[in-house]
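Positions are given from 1 along the sequence.
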Amino acid sequence: MAGINGREAVLDILLELEKQTEYSNVLIAAVLDKYDYLDGREKAFIKRVSEGTIERRLWLDYVLDQYSKTPAIKMKPLIRALLRMSVYQLLFMEHIPDAAVCNEAVKLAKKRGFQSLQGYVNGVLRNIARGRETIAYPDREKAAETYLSVYYSMPQWLVEHFRDAYGMDVCEKILAASLERRPVGLRLKEGMTQEEKERLLAAWKAAGVTVKEHPYHPCAVTVQGVEGIRRLAGYAEGLFAVQDVSSILAVEAAGIKPGDTVIDVCAAPGGKALHAAQKAGKDGTVIACDVSSHKTEQIEENRCRLGAENVSVLVQDARMRNENLLGRADVLLADVPCSGLGVIGHKQDIKYRVTRESLKEIQALQKEIITNVIDYLKPGGTLLYSTCTLNPGENEKMAAWICESFGFERVSMAQRLPDALKDEAKSGILQLLPGIHEADGFFMARLVKAK
């Protein structure tokens, strides 16, 4: 295996993540791609231990602090990462013998130049293995937020944020959902016959993929157990796009009609824009914009694969006004940069990166973008504002600010959304919540410009 094993690959992922140069899902995918020659079970182990260690980090540090004289925060980065991933295996992967976890950790410590700490690593891990049934956790009755923070490995200020925004019961459902393995959402090509759809899904299932048709939309499905989306049958033929059902619903809610001109100002990797292209039809036009050629190349790749000839791709920073786009859009899609608190189930490290200060900064960016793109709309045009976060300041309050600042009003989305969401969508805004709705955390608002 070219000198690498699963545990060493996990260690490298965790160490790289400490630099905060890339999100965990990207790092893990890159490592699995790099070591694609590894056995499928070994790759599954790398993914499971990496994701689990990242998402349970606060829990793991809480346990380590009870058994180590050196607090986790003060440990050498390599030793901290090694202990975290090993404790995760001890506490959450019962099929792995304790002795194997301890022995492999000691070997890795030695291999990476920490021979002097082999005894320390071994002692901490064996003590945790022996004492796992008597670990003392915070008292839920006396300190509910602290307990929830440790149990769900969520920074306490975020626990309090969710509690204040949605109430304690919903807060805990959101926290529980953040630890669930999130499937990949796909949108099947519209116009497929039922026979074609069944044949495609059967091919995926035959390849060992778990497939579920989504109740919110007939073209939405979720898949799990996929070793690379590009390997799925139908990918090269453009029979599906990677798109979560929440994003699908946002395009549906926009009310795009055949012949419409649609401008998507933050379009990469292109899911909404390409979905909009099907809605606008051959007589319509979609202009898909994003900030860099790297991002627009993603859109262009998907545009070509899906055969969307009515889509043009443009490198355009949404913070900068493009005079050539003024007054052209019947529908403006603004899925603006956000704090991402609705997709923690996909990007486990988001919860450790976001801060109270960053929430304020992102709201300022959102206002800057909206101010610069709002005049792309024709009089009477529709703005579909959306985020993938759980923060009223970026969502409901931002929709209210747009209405007050630019003369927009909220318009019901009920007719365009599934029965399960109609009542919530009547007001022209909809907040999807993990653990409550069958979707990622997502916000959308349908706002119409006064004529």
Side-chain angles (χ1 to χ4, degrees), residues 185-193 216-220 237-290 295-316 318 322 324-336 370 373-386 408 411-418 425 428 430 442 444-449 451:
L186 303 178
R187 174 177 56 83
L188 302 180
K189 185 176 180 179
E190 291 187 5
M192 293 176 66
T193 66
Y216 287 172
H217 194 278
C219 292
E237 296 79 9
L239 298 184
F240 66 90
V242 178
Q243 189 176 8
D244 187 75
V245 69
S246 55
S247 173
I248 294 173
L249 295 179
V251 176
E252 296 290 347
I256 299 166
K257 304 183 299 298
D260 274 351
T261 295
V262 180
I263 300 178
D264 187 345
V265 296
C266 302
K272 290 186 188 65
L274 295 166
H275 187 190
Q278 292 191 337
K279 295 294 180 184
K282 60 183 177 60
D283 295 325
T285 300
V286 175
I287 303 171
C289 309
D290 221 304
K295 287 183 174 290
T296 55
E297 284 168 5
Q298 293 178 312
I299 305 170
E300 182 64 27
E301 179 185 345
N302 284 314
R303 185 198 70 78
C304 293
R305 183 174 62 83
L306 296 174
E309 296 182 1
N310 60 340
V311 175
S312 59
V313 183
L314 180 66
V315 176
Q316 174 65 47
N322 185 329
N324 294 325
L325 298 180
L326 295 177
R328 291 180 61 180
D330 297 291
V331 176
L332 183 67
L333 301 179
D335 188 41
V336 294
I370 294 300
V373 305
I374 202 76
D375 289 333
Y376 295 169
L377 274 171
K378 298 175 181 178
T382 296
L383 167 64
L384 199 291
Y385 174 87
S386 61
F408 280 66
V411 177
S412 173
M413 300 179 285
Q415 292 183 335
R416 295 175 173 83
L417 295 181
L430 175 64
F442 197 89
M444 64 188 80
R446 185 168 188 244
L447 309 175
V448 173
K449 188 176 182 179
K451 296 184 179 180

**Report entry** All side chain to side chain donor-acceptor pair (under 3.5 Å) counterparts of R416, not counting sequence neighbours
**Finding:** none
Query - Atom CD of Q415 with >12 non-hydrogen neighbours under 6.0 angstrom - result: no
Report summary line: What one should report as the nearest heavy-atom pair of E190 and C219 is CG-SG, 3.8 Å
Query raised in the report: Can you name the side chain to side chain donor-acceptor pair (under 3.5 Å) partners of N322, sequence neighbours left out?
Result: Q316
Query raised in the report: For the atom pair CZ (F442) and CD1 (I248), what is the distance rounded to the nearest 0.5 Å?
Result: 10.5 Å
Report task. Can you sort out the partners of K378 under side chain to side chain donor-acceptor pair (under 3.5 Å), two or more places apart, ordered by chain and number? Result -> D330
Report summary line: For Y385, the ring pair (Phe, Tyr, Trp, His ring centres under 6.0 Å) test, sequence neighbours excluded, returns none
Query raised in the report: Quick one: are I287 and T285 in side-chain contact, heavy atoms under 4.5 Å?
Result: yes
Query raised in the report: Out of curiosity, D244 CG to Y216 OH, how far, rounded to the nearest 0.5 Å?
Result: 11.0 Å
Query raised in the report: So L306 and K189, side chain to side chain contact (heavy atoms under 4.5 Å, CB included) or not? Walk me through it.
Result: CA-CA 8 Å; L306 296 174; K189 185 176 180 179; over 6 Å; no
Query raised in the report: R303 and E300: side chain to side chain contact (heavy atoms under 4.5 Å, CB included), yes or no, with the steps?
Result: CA-CA 5 Å; R303 185 198 70 78; E300 182 64 27; 2.8 Å; yes
Report summary line: Here the gap from I370 atom CD1 to F408 atom CZ, rounded to the nearest 0.5 Å, amounts to 8.5 Å
**Report entry** Considering all heavy atoms, the nearest V311-A277 contact
**Finding:** CG2-CB, 3.4 Å
Report summary line: Heavy atoms of N310 and G284 approach each other most closely as CB-O, 3.4 Å
Side-chain donor-acceptor distances from residues 249-257 under 3.5 Å, at least two apart:
from, atom 1, to, atom 2, distance (Å)
E252, OE1, K279, NZ, 3.1
E252, OE2, H217, NE2, 2.8
E252, OE2, H275, NE2, 3.4
E252, OE2, K279, NZ, 3.0

Report summary line: Residues at least two apart in sequence or cross-chain that pass side chain to side chain donor-acceptor pair (under 3.5 Å) with T382, listed by chain then number, are none
Query raised in the report: Is any side-chain heavy atom of K272 less than 4.5 Å from a side-chain heavy atom of Q243?
Result: yes
Requested in this report: Could you grab the distance from atom OG of S246 to atom CG of L430, nearest 0.5 Å is fine?
Outcome: 10.0 Å
Query raised in the report: Between the side chain of D264 and the main-chain N/O of V286, is any donor-acceptor distance below 3.5 Å?
Result: no
Query raised in the report: Does A241 offer a backbone N or O that forms a donor-acceptor pair with the side chain of R187 under 3.5 Å?
Result: no
Query raised in the report: Which heavy atom of L333 sits nearest a heavy atom of A276, and at what distance?
Result: CD1-CB, 4.3 Å
Report summary line: Tested for side chain to side chain contact (heavy atoms under 4.5 Å, CB included) against V373, the lone hit among L332, I263, L325 is L332
Query raised in the report: Is there a donor-acceptor contact under 3.5 Å from the side chain of D283 to the main chain of P258?
Result: no
Requested in this report: Output yes when a side-chain donor or acceptor of D290 lies under 3.5 Å from a complementary backbone atom of A267, and no otherwise.
Outcome: yes
**Report entry** Which atom of M444 lies closest to which atom of L384, heavy atoms considered
**Finding:** CB-CD1, 4.3 Å
**Report entry** Backbone N/O of L326 and side chain of D375: donor-acceptor pair under 3.5 Å
**Finding:** no
Query - Atom pair CG/CZ of L417 and R446 - distance to nearest 0.5 Å - result: 10.0 Å
Query raised in the report: Quick one: SG on C266 to CG on D335, what's the gap to the nearest 0.5 Å?
Result: 7.0 Å
